[in-house]
Amino acid sequence: MDFNLDIVLPASWNVNDLEIDEDFIQWGEEIYPCDPPVYHWRDKLRLEKNTLPLMVERRLNHVMACSDYHVFTCKGSSLSELEWAVNHNNDVTTHPIVGFIDTVLTHWNGWCLILSLDDEKIDRVEHVNNASIHSFILLDGLKWTKPHGVIIYNS
């Protein structure tokens with residue numbers, strides 16, 4: 001399946017406090033930011049700054065002022081690797097996406113995760129306060145037996 005994962009964080013947060021660092025390109029002696037900006041978490045998870053699709057923004061406007069948030073799209077192979085692990089009943093506890101959720105997001109409030117299929121369809125919107133179910137809801141959406149898009153938000 002073609003999944004997409006967006007991590008939506010309040011613009012007021014300093015991403016460096018979350019161990020998210022911006023990547024730069026060096027050209028000779030000069031250093032430039034990537035365009036669009038690219039970030040990484042502990043060199044395990046690659047994130048690209050993005051915008052929310054209008055359809056998703058409309059679904060979220062009743063729970064958050066989307067203009068006050070930054071959107072980071074998960075890039076690279078980490079999401080497809082997690083999907084594969086989930087569907088082959090492999091241990092996912094050390095996977096970078098699960099690690100980011102379980103070690104970073106569970107200690108903060110005001111974030112949102114958006115798992116969507118290639119058609120940007122969202123089937124569920126879940127408000128969560130219990131740290132132990134964040135990852136479970138995401139992993140459930142990745143199952144091939146019933147793949148679905150989900151918005152998970154914590155306020």
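Hydrogens, waters and symmetry mates are skipped; everything else that's a heavy atom, side chains included, is used.
To the nearest 0.5 Å, atoms CG (D23) and CZ (R46) are separated by 7.5 Å. A distance of 8.5 Å separates CZ in F72 from CZ in F100, rounded to the nearest 0.5 Å. Note that CG of L105 and NE2 of H107 are 9.5 Å apart. Values are rounded to the nearest 0.5 Å. Summarising the geometry, atom CD1 belonging to I152 is positioned 6.5 Å from atom CD1 belonging to I101; distances are rounded to the nearest 0.5 Å. Here CG of N109 is found 9.0 Å from CH2 of W111. Values are rounded to the nearest 0.5 Å. Taking OG1 of T106 as the start and CG of N154 as the end, the distance is 9.5 Å to the nearest 0.5 Å.
V92 and W144 fall within a single hydrophobic cluster, where Ile, Leu, Val, Met, Phe, Trp and Tyr side chains are chained together by heavy-atom contacts under 4.5 Å. Under the 4.5 Å side-chain heavy-atom criterion for Ile, Leu, Val, Met, Phe, Trp and Tyr, V15 and F24 are members of distinct hydrophobic clusters.
F136 places none of its side-chain heavy atoms less than 4.5 Å from the side chain of V128. No side-chain heavy atom of V71 sits under 4.5 Å from any side-chain heavy atom of I7. Residues I137 and L115 form no side-chain contact, since every pair of their non-hydrogen atoms from C-beta on lies 4.5 Å or further apart. Residues L113 and V8 are not in side-chain contact: their nearest non-hydrogen atoms beyond the backbone lie 4.5 Å or more apart. Between L79 and L142, some side-chain heavy-atom pair lies under the 4.5 Å cut-off. At a threshold of 4.5 Å between non-hydrogen side-chain atoms, the residues I20 and L9 count as touching. With contacts defined as side-chain heavy-atom distances shorter than 4.5 Å, the pair Y39/H70 does not qualify. Annotation: side chain of P10 is not in contact with side chain of D68 (no heavy-atom distance under 4.5 Å).
Smallest separation of non-hydrogen atoms from C112 and M64: CB-CE, 3.8 Å. Contact between L47 and C74 at its shortest, heavy atoms only, is CD2-CA, 4.0 Å. Contact record, D123 with P147: OD2-O, 4.5 Å, taken as the closest heavy-atom pair. Considering every non-hydrogen atom in both L45 and S78, the closest pair reads CD1-OG, 3.4 Å.
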### Query
For L117 and F3, what are the C-alpha separation, side-chain angles and deciding distance, and is it a side-chain contact (heavy atoms from CB on, under 4.5 Å)?
CA-CA 5 Å; L117 295 156; F3 286 101; 3.2 Å; yes
### Message
What verdict does the side-chain contact (heavy atoms from CB on, under 4.5 Å) test give for L5 and L138, after you've listed the backbone C-alpha separation in whole Å, the side-chain angles of each residue and the deciding distance to 0.1 Å?
### Response
CA-CA 9 Å; L5 179 63; L138 177 70; 3.8 Å; yes
### Task
Begin from the C-alpha positions of W108 and L18 and carry the test side-chain contact (heavy atoms from CB on, under 4.5 Å) through to its verdict.
CA-CA 10 Å; W108 296 77; L18 306 175; 3.3 Å; yes
#### Entry: Criterion side-chain contact (heavy atoms from CB on, under 4.5 Å) on I114 and N4, from CA distance to verdict
CA-CA 8 Å; I114 303 166; N4 184 63; over 6 Å; no
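Put simply, the residue from R42, K44, H40 that forms a side chain to side chain donor-acceptor pair (under 3.5 Å) with E19 is R42.
Under a 3.5 Å cut-off, the side chain of H95 and the backbone N or O of I97 do form a donor-acceptor pair. Formation of a donor-acceptor pair under 3.5 Å by the Q26 side chain with backbone atoms of G28 is found in this model. In this structure a side-chain-to-backbone donor-acceptor pair under 3.5 Å is missing from N50 to T73.
Using cut-offs of 30° and 60° on the angle between ring planes, the pair H127 and Y153 is tilted.
Remark: D140 engages R124 in a salt bridge, criterion side-chain N to carboxylate O under 4.0 Å.
Hydrophobic clustering, defined by side-chain heavy atoms of Ile, Leu, Val, Met, Phe, Trp and Tyr closer than 4.5 Å, leaves V38 isolated from every other such residue.
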